[in-house]
Structure formats: structure tokens, C-alpha cells
Amino acid sequence: PGDTKQLNLALPSLNPEIFTEYFLNVFLKTNQAWGLLDKGHILASEQFSLPAKGQVIKPSAIKAKPVDLQENDQSVTITGGDFTVIFNKTTGTFSSWKFRNTEILESSPKPNFRRAPTDNDIGNGMPNRCQAWFDASERYTMTKFETTRTANNEILVSVGYAFPDDIATETIEYRIFADGRIMVTAELTPLKDKLPELPRFGLNMQIKGEFSKVTWYGRGPWENYCDRKTASFVGLYENTVDELFIPYIRPQENGYKTDVRWMTLQNSKNIKLKFAGQPLFCFSSLHYTYDDLKGFKQGGKHLHDLEKKPFIDLNIDFGQMGVGGDDSWGARTHPQYTLPAGKYTYTFTMEAIQN
């Protein structure tokens, strides 16, 4: 213990390509059986990001006709070759998103700052301390709805929201491209001083339950949070929505993935819903909603009380605060793993594709 030694590793030669990331994964394993440990048991591991040329995400060229825009007093309908998006002008949300006549949405993206409290959250009083953000997720009003066609024949829909007690405003912009991609940019601007930290900053939506196969390029394979992620290496992972759920005895926040470059949800017809970060995002996709998982005291609701939903509850986030865990009866999440009240913005794209 305490000793150090320098080792020379014989690594293969590397000629990095553009639009590509490279990682070196290092494992320290037993080279023979050792007590209760079998040969090959991993004692320690680490992942190193290697220098790469060019950018990570390759922009795709648009080779499609300009989209059609139809507008009346109630709605805005945007139609391209394979897709149709309909906005409700009263709420500023999608009332439909179709790809090749397949409806994708159960419920439109909406502002979301809350999470189902963890045991640690309850112990340190987070739900009470951050009540303003829980209220903001449930009681907001639309203040702006604007639709414009850009010089590149893209459709830009800009929606503004206000929150209770004028604590903040949020603007969500949807830029719809001719190839069906929708670039989403959400920007939060606090209006008051001394606001509590944000449990989460993101968008929550519900997707049709048939899109149950999940593939992602980010941290995995198990759940990970900003203060619980170094053991979750960046990689390409595949799972089902059912298997992403972590069955804690007391329902609470679970199943999160951080530092995600892109993820897809796929149905049996090989239609994929692809979400790509600019450059990163975090996500969870479960058959349970915040209301299913929430609990503000120890005890009460248990795992067997949950009723699986027929749709997928999807969070596409800038991020959420860490889970803490120095103890479960008062210790708060370390400051560097919180989201202090401030101005935040993030961007991702979403699109439906079929191979």
C-alpha cells in the first residue's frame, strides 16, 4: 500500500479518424486464483479518453424538399416527405408526431425540473427545499408561441413559459428540418435571487410503448448519475425499457444514464426514434412516471404498488443533481454535483428513421 510503479503498455497503433471518439479501457485482474477470488477477477478499472481528430458528431446533409406549413387559430401543421408534426397553439406542445403514418407520441415534451425523491433526498429535505421547482413542473403557463420559416426553408417554432411566483422563464425552440430532424433548444432564465438548486433541468415526454428496444452511446450499462458514474464506462449499449428499471423496494428515481451522445428507441417495424446530443445529454426511459415513483417520506408506497404503464416515460435532460449518500439522514449532495439556480441551455435533435 502506498507504493507506485510505472508500467509500459504495448498498445496497438492508432490512426484516429474524424467524427470518431477513442477510449482506452484498463483493467487490473488477478492472474491466478486468490482466496475467494477466481482468476480474472477485476480488482480495479479505469477509462481514458484518447485524443481524436475532428468533431464527434457528424452533421448530416439535407436532401429533401422544403416542408409544408399549414396554420390556423388552433394549430400549426408541419409536413415533410415522411413525417408530420402538429403543434397546439394554446399549449405550445405537440398534439401529434407521425412518421410514415405511425404515431410516436403519447404526450408532448414539457418542462421538467423534478425527480422522484430518493431516500437520500428525503433524508436531507430536498423535496421541501426545492418545492419551487416541483411546482414549476406542474403549474406553468405559455407566454409566447411564434412560428417562422427561415431563409433555409426550415420551420422554427418558439414557445415561452412562465412559472409560479415568477421564479423563472423558459424558452423552447423547435427547428424542423426538411429531412425530418427536429432540433430542440431549451433555455432557462431565473428571475429571482436565492432560489434553491434544481433537482433536474430537462424535458419529459411519453412515447408509444411499442418503442421498447433501447440503444445508447454513453455511460452504462447500469444506472449512473453525475456523482456515481466513473464505474460506468462510455460505450455502446443495448437493452429493453423493462430492463432499465431498477426495482428499489421503495419506488424512487432510478435508471438514469449520463454523458450520452445519442440513443434510440426502436419498435418491431424497425422504426427508430433517435435523440442526439449537442454534444451530450442524459436520459431515462421507463414504464413508470414521476407520479408513479414519487414519495415524500420513508415507507408508504412499495414496489408491488406500481402499475406498469403501456407507454414509455422519457426524460431527455441537460442533467440532474447527484444522488449523494454520505448518509441518508441529512447529508446533502456535494456542491459540485448540484445544479445551482442559474441560466441553463442545452440542445438535442430528435428524428424518426427506418432502415
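Position 1 is the first residue of the sequence; numbering continues from there. All values below come from the heavy atoms of this structure, side chains included, with hydrogens, waters and symmetry mates left out. This one's a predicted model, so the numbers in the text were calculated from it and none came from an experiment.
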Gap between atom CZ of F275 and atom CD1 of I182 - 0.5 Å precision:
9.0 Å
I want to check something: taking the side chain as every heavy atom from C-beta on, are K343 and L188 in contact at a cut-off of under 4.5 Å?
no
Testing the 3.5 Å rule here: is there a donor-acceptor pair between the side chains of D68 and Q70?
yes
Flag, side chain of K110 to backbone of S108, donor-acceptor distance under 3.5 Å:
yes
N124 side chain to A331 main-chain N or O, any donor-acceptor pair under 3.5 Å?
yes
Please check this pair: side chain of N152 against backbone of E154, looking for a donor-acceptor N/O pair closer than 3.5 Å.
no
Verify the distance criterion only: is there a donor paired with an acceptor across the side chains of D313 and T289 at less than 3.5 Å?
no
What I want to find out is whether R250 reaches D119 closely enough, with some N-O distance under 4.0 Å, to be called a salt bridge.
yes
Is it true that R115 and D121 make a salt bridge, defined as a side-chain N closer than 4.0 Å to a carboxylate O?
yes
Are F318 and F348 linked, directly or through other ILVMFWY residues, by side chains that come within less than 4.5 angstrom of each other?
yes
List the residues meeting ring-ring contact (aromatic ring centres under 6.0 Å, His included) with F99, not counting sequence neighbours, and say none if there are none.
none
Might you work through the ring-ring contact (aromatic ring centres under 6.0 Å, His included) test for F163 and F113, ending with a clear yes or no?
CA-CA 11 Å; F163 302 104; F113 310 102; 5.3 Å; yes
Residues at least two apart in sequence or cross-chain that pass side-chain hydrogen bond (donor to acceptor under 3.5 Å, both in side chains) with Q354, listed by chain then number, are R100
Give me the atom names and distance for the closest heavy-atom approach of N254 to S284.
O-CB, 4.4 Å
Kindly state each residue pair satisfying ring-ring contact (aromatic ring centres under 6.0 Å, His included) with at least one member in residues 285-311, sequence neighbours excluded.
F245-Y288
Are a donor atom and an acceptor atom from the side chains of S96 and E103 found within less than 3.5 Å of each other?
yes
How about Y346 and D317: does a side-chain donor come under 3.5 Å of a side-chain acceptor?
no
Side-chain heavy atoms of E197 within contact of M321, under 4.5 Å
yes
Out of curiosity, does I176 fall in the hydrophobic cluster containing V76 (side-chain heavy atoms, cut-off under 4.5 Å, transitive links)?
yes
Taking the side chain as every heavy atom from C-beta outward, state whether L28 and V26 have any atom pair closer than 4.5 Å.
no
Cation-pi check, K208 onto F211 ring (under 6.0 Å, within 45° of axis)
no
Donor-acceptor check, side chain of T118 to backbone of E253, threshold 3.5 angstrom: yes or no?
no
For residues K39 and K29, determine if any side-chain heavy atom of one lies less than 4.5 Å from a side-chain heavy atom of the other.
no
Scan side-chain atoms only and decide if S158 and K144 contain a donor-acceptor pair under the 3.5 Å cut-off.
yes
What are the two closest heavy atoms between D292 and K301, and how far apart are they?
O-NZ, 2.6 Å
Quick check: does any side chain N or O of Q74 sit under 3.5 Å from a backbone N or O of N88, one acting as donor and the other as acceptor?
no
Any side-chain to backbone donor/acceptor pair from N315 onto F283? Under 3.5 Å, distance only.
no
Side chains of I312 and L286: closer than 4.5 Å at any heavy-atom pair?
no
Quick one: does D165's side chain have a donor or acceptor within less than 3.5 Å of a partner on I167's backbone?
no
Separation between OG1 (T20) and CG (L50), nearest 0.5 Å, reads 12.5 Å
Determine, step by step, whether Y174 and F94 satisfy the ring-ring contact (aromatic ring centres under 6.0 Å, His included) criterion, reporting the C-alpha distance in whole Å, the side-chain angles of both residues, the deciding distance to 0.1 Å, and the verdict.
CA-CA 11 Å; Y174 303 91; F94 292 26; 5.2 Å; yes
Find the distance between CD1 (I207) and CG (L265) and round it off to the nearest 0.5 Å.
6.5 Å
Is there a side-chain contact between N25 and E46 in this structure, where contact means two heavy atoms from C-beta onward sitting under 4.5 Å apart?
no
Salt-bridged, R332 to D326, with N to O below 4.0 Å?
no
Ring centres under 6.0 angstrom apart (Y237, Y217):
no
Identify whether W262 and W216 are in the same connected component of the hydrophobic contact network (ILVMFWY, side-chain heavy atoms under 4.5 Å).
no
Between R228 and E223 (salt bridge meaning N to carboxylate O under 4.0 Å), is one present in this structure?
no
Would you compute the distance between atom CG of L24 and atom CZ of F233 and round it to the nearest 0.5 angstrom?
9.5 Å
Do D73 and K89 meet the salt-bridge criterion of a basic N to acidic O distance under 4.0 Å?
no
How long is the gap from CG on L314 to CG on N204, to the nearest 0.5 Å?
7.5 Å
Short side-chain donor-acceptor distance under 3.5 Å, N120 and S328:
yes
Minimum-distance pair of heavy atoms, taken over all atoms of L339 and Q320:
CD1-CA, 3.9 Å
For G92 and F87, work out which heavy atoms get closest and say how close.
O-CD2, 4.0 Å
Roughly how far, to the nearest 0.5 Å, is the CG atom of L273 from the OG1 atom of T264?
8.5 Å
Determine yes or no for a side-chain-to-main-chain donor-acceptor pair under 3.5 angstrom, with T258 supplying the side chain and N224 the backbone.
no
Going hydrophobic residue to hydrophobic residue with side-chain gaps under 4.5 angstrom, can you get from V85 over to F177?
no
Are K309 and E106 close enough for a salt bridge, meaning some N to O gap below 4.0 Å?
no
Any donor and acceptor pair, going by atom type alone, linking the side chain of T30 with main-chain N or O of D38 inside 3.5 Å?
yes
Charged N-O contact under 4.0 Å between K274 and E351:
no
Do Q131 side-chain atoms and W133 backbone N/O form a donor-acceptor pair below 3.5 Å?
no
Verify the distance criterion only: is there a donor paired with an acceptor across the side chains of T185 and T347 at less than 3.5 Å?
yes
Y337 and I122: same hydrophobic cluster, using ILVMFWY side-chain contacts below 4.5 Å?
no
